[in-house]
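Step one of this worksheet: look at the structure below.
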Amino acid sequence: MKQMQFSRFGKPWEVAEIVEADEPGPPGPGRVNVQVLASPINPADLLNMEGRYGAEPPKLPMTQGAEGVGRVTAVGEGVDNVKVGDLVTPPARGMWREMAQGPARGLVALPENADLLQLAMLRANPATAWLMLKDYVTLEAGDCVIQNAANSAVGRHLIRLAKSQGWRTVNVVRRPELVAELTELGADHVLVDGDDLDARVAEATGGAAPKLGIDAIGGSAVQRLARCVADGGTVVNYGLLSGEPLMIDARETVFRDITLRGFWLAAWFGTTDPKEIGATYAFLGEKIASGELHAPVEATYPLERVAEALKHSAREGRSGKIILTMGDA
């Protein structure tokens, strides 16, 4: 079978290569084999290939791809949550390959009537948006959340998920042309980032400061969000788009009791009961099948053209995700 592999850190399109590998053998107890159909390229994939993601650089060589969609081809002893033929989010990291094997823990059969490309993006971004909305601050109907990088896949899912729960969103972007697009998506307020962001947020919300801030950028963007949230509020960082350390003034943490937290989906998988994981993805899978959750796709590439796909994914100003497809998918 074919799989993507990189053996050194650098520009992703320069270090990626396609290699031949053995197909996985019969799955052992509690494990499954999956034919991978599609897998998106996420910012974390690019950062990992550059050696800039995670607490420690990964061991090389390795295969990238944190999420995707595939079909179960074999199940090991004791697996009763999925069966052969089910569509699933593949069971382990390293999905830029044609076949994968991993634990069945937390897997759930996905709706057959859903768009495959949308299901390929289920594991990371919708779950990240949903968990950040519900796990850090208790939000009530009418409460407000502020996020930056609001035009990202996570940002778009967060807008729709918040709206479905009766929560309002303030959405920070870098380009004015995104205002109308996100407003049509359901955003309550869309503002272009800047040093006076806190004053414009207060004006937009009528002084009802957000309880929760969601940061994908790092650097000084964290401080700008912290100035916008209510006293005693929380800012959750989940991304490193700026490549800079998180910056927050002591006046926010000491005198306004602002809490800064970090979110990493991999940690959630490691500490969460499998039944809760399955329930989370069943909930989000149904929202994708109904069309309530949808992320734009700019282009698809076959696995063999992974270098070209990676270069495309790194472009600024894209209008959607870049997705790798395997086999006939």
Side-chain angles (χ1 to χ4, degrees), residues 1-70 76 88-107 120-125 127-128 216 218 237-246 262-272 274 277 301 303-311 313-314 322-324 326:
M1 69 168 184
K2 292 181 174 63
Q3 70 180 42
M4 170 272 182
Q5 180 176 290
F6 67 103
S7 302
R8 60 187 175 90
F9 300 117
K11 293 180 179 179
W13 51 92
E14 293 179 354
V15 301
E17 56 182 345
I18 298 296
V19 300
E20 289 289 337
D22 294 334
E23 292 190 5
R31 296 175 69 81
V32 296
N33 286 1
V34 173
Q35 177 190 6
V36 183
L37 301 174
S39 177
I41 299 173
N42 289 324
D45 294 311
L46 303 180
L47 289 170
N48 204 38
M49 295 177 72
E50 294 169 356
R52 299 195 295 125
Y53 190 76
E56 298 290 340
K59 294 181 180 179
L60 302 180
M62 74 171 294
T63 296
Q64 199 54 45
E67 62 176 339
V69 64
V88 295
T89 58
R93 298 180 67 85
M95 288 300 103
W96 296 351
R97 65 179 77 217
E98 293 178 325
M99 296 289 297
Q101 183 184 102
R105 177 184 182 273
L107 292 188
M121 299 182 284
L122 168 63
R123 182 182 177 95
N125 293 325
T128 294
N237 167 264
Y238 73 97
L240 313 167
L241 292 177
S242 71
E244 299 174 352
L246 309 189
F263 174 82
W264 189 30
L265 187 62
W268 178 78
F269 277 111
T271 59
T272 303
I277 294 173
Y301 290 83
L303 180 62
E304 293 84 350
R305 293 170 58 194
V306 63
E308 187 178 349
L310 287 164
K311 185 172 287 189
S313 185
I322 308 302
I323 297 184
L324 297 169
M326 290 70 170

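Start at 1 with the first residue, then count along the sequence. Predicted model, so just to flag it, every value in this text is computed and none were measured.
Here the CG-CD1 distance, from N42 to I323, works out to 9.5 Å after rounding to the nearest 0.5 Å. Taking CE from M1 and CG from D22, the interatomic distance works out to 8.0 Å, rounded to the nearest 0.5 Å. For the atom pair CD (E98) and CE (M4), the distance works out to 14.5 Å, reported to the nearest 0.5 Å. To the nearest 0.5 Å, atoms CZ (R97) and CD (Q35) are separated by 14.0 Å. Taking NZ of K311 as the reference point, atom CD1 of I322 lies at 14.0 Å (rounded to 0.5 Å).
Counting only heavy atoms from C-beta outward, the side chains of L324 and M95 never approach each other to under 4.5 Å. Inter-residue side-chain proximity for L122 and V69 is flagged as unmet; no heavy-atom pair is nearer than 4.5 Å. When side chains are defined from C-beta on, L60 counts as touching F6, because their heavy atoms get closer than 4.5 Å. Under the 4.5 Å side-chain criterion, counting only non-hydrogen atoms from C-beta, N33 is not in contact with E23. For the pair L240 and R52, the minimum side-chain heavy-atom distance is 4.5 Å or more. Put simply, the side chain of D45 does not reach to within 4.5 Å of the side chain of L310, judged on heavy atoms. With a 4.5 Å cut-off on side-chain heavy atoms, Q101 and V32 do not count as touching. The side-chain heavy atoms of L46 and Y53, taken from C-beta on, include no pair separated by under 4.5 Å.
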**OP:** Start with the C-alpha distance between S39 and Q64, add both sets of side-chain angles, then the distance that settles side chain to side chain contact (heavy atoms under 4.5 Å, CB included), and finish with yes or no.
**Re:** CA-CA 10 Å; S39 177; Q64 199 54 45; over 6 Å; no
**OP:** Check step by step if side-chain hydrogen bond (donor to acceptor under 3.5 Å, both in side chains) holds for T63 and W96.
**Re:** CA-CA 7 Å; T63 296; W96 296 351; over 6 Å; no
Original post:
Should V36 and M99 be marked as a side chain to side chain contact (heavy atoms under 4.5 Å, CB included) after you check the CA-CA gap, both sets of side-chain angles, and the distance that decides it?
Top reply: CA-CA 6 Å; V36 183; M99 296 289 297; over 6 Å; no
Subject >> Candidate pair I277 and W268, rule side chain to side chain contact (heavy atoms under 4.5 Å, CB included), full reasoning >> reply: CA-CA 9 Å; I277 294 173; W268 178 78; 3.8 Å; yes
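Of all the heavy atoms in A124 and E67, the pair that sits closest is N-OE1, 2.7 Å. Here the closest heavy-atom approach between residue P12 and residue M49 is recorded as O-CE, 3.5 Å. Considering all non-hydrogen atoms of both residues, A314 and W13 come closest at CB-CZ3, 3.6 Å. Between Q3 and A21, the shortest heavy-atom contact is OE1-CB, 3.4 Å. For the residue pair R123 and A127, the shortest heavy atom distance occurs at O-CB, 3.4 Å.
Using modelled atom types, no side-chain atom of T89 and backbone atom of G68 make a donor-acceptor pair closer than 3.5 Å. At distances below 3.5 Å, not a single donor-acceptor pair connects side-chain atoms of N48 with backbone N or O atoms of E50.
At least one test fails for R105 against the ring of F269: distance under 6.0 Å to the centre or angle within 45° of the axis.
Salt-bridge check for K2 with E20: passed, with a basic side-chain N closer than 4.0 Å to an acidic carboxylate O.
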